[in-house]
A.B. asks: 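Take a look at the following structure, please.
In this chain, numbering begins with 1 at the start of the sequence shown.
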Amino acid sequence: MPSFIRPEFFDLFGIAVFLFITIESVRAIKTKKRIPRWVFVLLLVIGILGLLIDGTIVYKTYFL
């Protein structure tokens with residue numbers, strides 16, 4: 001990773017993800033409708049990508 005990228009930069013992605021999850025949750029509660037399937041698929045993709053990225057960082061940091 002280039003040295004000019006600070007770790008705080010990645011918090012921007014976290015804010016976007018948590019904002020999305022919050023908005024969708026509030027919408028589901030207010031309308032009493034089920035959450036659409038595409039939301040679950042998007043959350044699954046976000047989860048898998050997070051595991052891959054964090055897993056790679058942990059592997060490189062502690063096992064190599």
Side-chain angles (χ1 to χ4, degrees):
M1 179 168 60
S3 61
F4 60 87
I5 296 178
R6 296 180 51 176
E8 295 85 6
F9 169 77
F10 297 99
D11 289 336
L12 296 172
F13 298 111
I15 289 172
V17 169
F18 288 126
L19 181 63
F20 170 75
I21 291 170
T22 302
I23 289 171
E24 285 301 316
S25 299
V26 169
R27 185 180 64 84
I29 290 170
K30 285 181 73 172
T31 62
K32 296 185 180 178
K33 291 183 180 177
R34 295 185 64 198
I35 296 176
R37 183 172 176 82
W38 68 267
V39 174
F40 289 116
V41 171
L42 183 59
L43 290 175
L44 178 64
V45 168
I46 290 169
I48 291 171
L49 289 175
L51 284 172
L52 288 174
I53 292 168
D54 287 346
T56 301
I57 292 169
V58 168
Y59 177 75
K60 286 183 175 180
T61 302
Y62 294 106
F63 297 110
L64 288 182

A.B. asks: Would you mind listing the cluster partners of Tyr59? Hydrophobic ones only (ILVMFWY), side-chain contacts under 4.5 Å, chaining allowed.
C.D. replies: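 Val58, Tyr62, Phe63, Leu64, all in the cluster of Tyr59.
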A.B. asks: Does anything in residues 29-45 form a salt bridge (charged side-chain N to carboxylate O under 4.0 Å, His left out)? List the pairs, not counting sequence neighbours.
C.D. replies: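 As it turns out, there is no salt bridge (charged side-chain N to carboxylate O under 4.0 Å, His left out) pair with a partner in residues 29-45 once direct neighbours are skipped.
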A.B. asks: Which salt bridge (charged side-chain N to carboxylate O under 4.0 Å, His left out) pairs, counting each pair once, include a residue from residues 38-52, with sequence neighbours left out?
C.D. replies: none
A.B. asks: Ile48: which residues meet the side chain to side chain contact (heavy atoms under 4.5 Å, CB included) condition with it, sequence neighbours left out?
C.D. replies: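 Here the qualifying residues are Leu44, Leu52.
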A.B. asks: I'd like to check the ring pair (Phe, Tyr, Trp, His ring centres under 6.0 Å) partners of Phe13; sequence neighbours left out, ordered by chain and number.
C.D. replies: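 Ring pair (Phe, Tyr, Trp, His ring centres under 6.0 Å) check on Phe13 returns Phe9.
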A.B. asks: When Ile, Leu, Val, Met, Phe, Trp and Tyr are grouped by side-chain heavy atoms lying under 4.5 Å apart, directly or through other members, which residues fall in the same group as Ile29?
C.D. replies: none
A.B. asks: Could you give the side-chain donor-acceptor pairs of residues 18-27 under 3.5 Å, partners two or more places apart or in another chain?
C.D. replies:
unit_1, atom_1, unit_2, atom_2, d
Thr22, OG1, Phe18, O, 2.7
Glu24, OE1, Arg27, NE, 3.2
Glu24, OE1, Arg27, NH2, 2.7
Ser25, OG, Ile21, O, 2.8

A.B. asks: Side chain to side chain contact (heavy atoms under 4.5 Å, CB included) with Ile53: which residues, sequence neighbours excluded?
C.D. replies: Ile57
A.B. asks: Check side chain to side chain contact (heavy atoms under 4.5 Å, CB included) between Leu49 and all other residues, then give those that pass, not counting sequence neighbours.
C.D. replies: Val45
A.B. asks: Would Phe40 and Trp38 show up in the same hydrophobic cluster when neighbours are defined by side-chain heavy atoms closer than 4.5 Å?
C.D. replies: yes
